[in-house]
Amino acid sequence: MSKVFITGASGFIAQHIVKLFIDNGYSVIGTVRSIEKGEALKTNLNVGDRFQYEIVAEISSPDAFDEALAKHSGVKYLLHTASPFFYDSTDPEHDLVIPAINGTKNVLNAIKKFRPEIEKVIITSSDAAIYSSVDEQNPALSFDETSWNNITYEEAIKDPIAAYYGAKSFAEKLAWKFLEDEKPSFKIISVNPVYVFGPQAFESEVKEKLNTSNELIHSLIKLGPNDTFDVDKGGFIDVRDVAKAHLAAVENDNLIGKRLYMTNGHFSTQMMVDILNKNFDNLRGKIPVGKPGTGSEDIKTLAKVSNRTTKKLLGWEFITLDKIVVDTVTQIQKVRSKL
Ligand code: NDP
């Protein structure tokens, strides 16, 4: 049974990854910020010692991962998902940029010091490392797996959105540079998802406020019929496909050194509202309709993107926006109906 070490195991995406690896016969050691979060995940997984957790309360503290990694010999794969993902910050450099950079630095240094047996490191990066938030909204530009967000540190610390985009690009660049400079024995694969939506791995995770990306869908079903909503838009991908990409990165050697750009196209909030009104009798008349059918116009202002290489390498069809929205809201309603 191969051992996998995952940082930020209690996160939205990470819980799906942990569950998928357990289902595929791995044993998993995850870092979490508190005993409560570790115990909750242990209870939900219910697989005894095949899931163990270690507390890493702050990934940017000096040598944050040393103790946890020193304790667990025989780890073959490490998945680094922990990174702050929120925009509600008055000090974006401190809250977003520094933890992303130091967290990545700390985990790579800890592997070098304590776990030379690790063969692959999977970095959960982002489309934010592919383009800046400004370039993403420029229809004259095109991006693919080879593109980089070249935002500077000074530009990044100006506001929370720039900071998140900067943080993810600095952290991913740091990982590839570590490989070049330090020549460690492990290989790197990065997974670069766009907005990740989809149901929570466990119903107990359907809380009053969901994780940052799913809160976008959640906020739409909290609206009244006469409310207006912002036309948000961007790339979409299902969390189950993102988890599968992490498993593929571990299992398929032809993915070594690749950046897996995880997107299944563009969405706008209008498209989501249309899907909700079409599929949920109990929401129709209770949420807004907006301007039905105009979503395809909304997304024309976004940059062109191609992830042909990633799709070819992975070889499966990604989950559609309709299914993502329906599955996400079905789970929320199921949990709420039990309250
Ligand atoms: P979550 O916020 O649900 O998960 C993030 C995890 O990292 C949580 O376990 C969180 O712990 C932990 N974490 C964050 N900051 C720190 C810190 N300073 N010290 C210790 N632990 C920390 O987000 P997602 O699951 O959505 O995101 C996971 C990864 O995927 C991130 O790297 C994110 O950048 C990336 N990503 C996400 C996308 C999305 O749309 N969801 C899109 C593209 C990339 P806690 O919750 O206890 O604070």
Side-chain angles (χ1 to χ4, degrees), residues 6-19 30-41 53-62 64-65 68 79-89 91-92 94-107 122-131 133 136 149 160-161 163-172 175 190-202 205-207 209-218 232 234-243 245-246 259-264 267 324 328:
I6 179 164
T7 70
S10 60
F12 163 58
I13 297 174
Q15 291 197 27
H16 278 272
I17 298 175
V18 172
K19 198 165 169 245
T31 70
V32 291
R33 300 181 96 164
S34 65
I35 293 176
E36 291 70 36
K37 291 193 175 180
E39 286 299 317
L41 189 49
Y53 66 88
E54 297 292 339
I55 307 292
V56 175
E58 178 48 64
I59 54 173
S60 62
S61 299
F65 294 99
L79 317 178
H80 179 47
T81 82
S83 201
F85 181 28
F86 52 85
Y87 297 122
D88 178 19
S89 166
D91 187 351
H94 171 268
D95 296 344
L96 296 159
V97 180
I98 292 175
I101 294 176
N102 287 353
T104 305
K105 214 182 277 178
N106 284 336
V107 80
I122 322 302
I123 303 285
T124 311
S125 185
S126 170
D127 66 332
I130 290 182
Y131 36 57
S133 57
E136 184 186 2
N149 175 4
I161 294 180
Y164 176 72
Y165 276 68
K168 296 305 287 182
S169 60
F170 304 144
E172 194 196 325
S190 78
V191 179
N192 298 58
V194 292
Y195 268 107
V196 183
F197 303 113
Q200 304 292 324
F202 304 103
E205 294 302 301
V206 179
K207 303 193 169 137
K209 186 164 188 245
L210 299 181
N211 60 289
T212 300
S213 46
N214 267 335
E215 194 52 34
L216 191 65
I217 298 180
H218 196 199
D232 286 323
F236 71 88
I237 190 77
D238 191 286
V239 65
R240 293 160 288 191
D241 285 323
V242 175
H246 284 77
R259 299 174 84 208
L260 303 174
Y261 181 12
M262 299 299 293
T263 175
N264 197 22
F267 77 95
I324 292 174
T328 305

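Note that these values count all heavy atoms, side chains included, but never hydrogens, waters or copies made by symmetry. Because the structure is a prediction, the values reported are computed rather than measured. Indexing begins at 1, ligand by ligand and atom by atom, following the structure's order.
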**Prompt:** Where the side chain of His16 meets the backbone of Phe12, is there a donor-acceptor pair that is under 3.5 Å apart?
**Reply:** no
**Request:** Please check if the side chain of Thr81 supplies one atom and the backbone of Thr124 the other of a donor-acceptor pair under 3.5 Å.
**Result:** no
**Request:** Applying side chain to side chain donor-acceptor pair (under 3.5 Å), name anything that partners Ser10, two or more places apart in sequence or on another chain.
**Result:** none
**Prompt:** Under the side chain to side chain donor-acceptor pair (under 3.5 Å) test, which residues partner Asn149, sequence neighbours left out?
**Reply:** none
**Message:** Is the positively charged end of Lys168 above the ring of Phe85, judged by distance under 6.0 angstrom from the centroid and angle within 45° of the axis?
**Reply:** no
**Message:** Restricting to side-chain contact (heavy atoms from CB on, under 4.5 Å), what partner residues turn up for Asn102, sequence neighbours left out?
**Reply:** Ser60, Ile98, Lys105, Asn106
**Asked** Name the residues in contact with ligand 1, where contact means a heavy atom under 4.0 Å away: which are they?
**Response** Gly8, Ser10, Gly11, Phe12, Ile13, Arg33, Lys37, Val56, Ala57, Glu58, Ile59, Thr81, Ala82, Ser83, Pro84, Phe85, Pro99, Thr124, Ser125, Ser126, Tyr164, Lys168, Pro193, Val194, Tyr195, Val196, Ser213
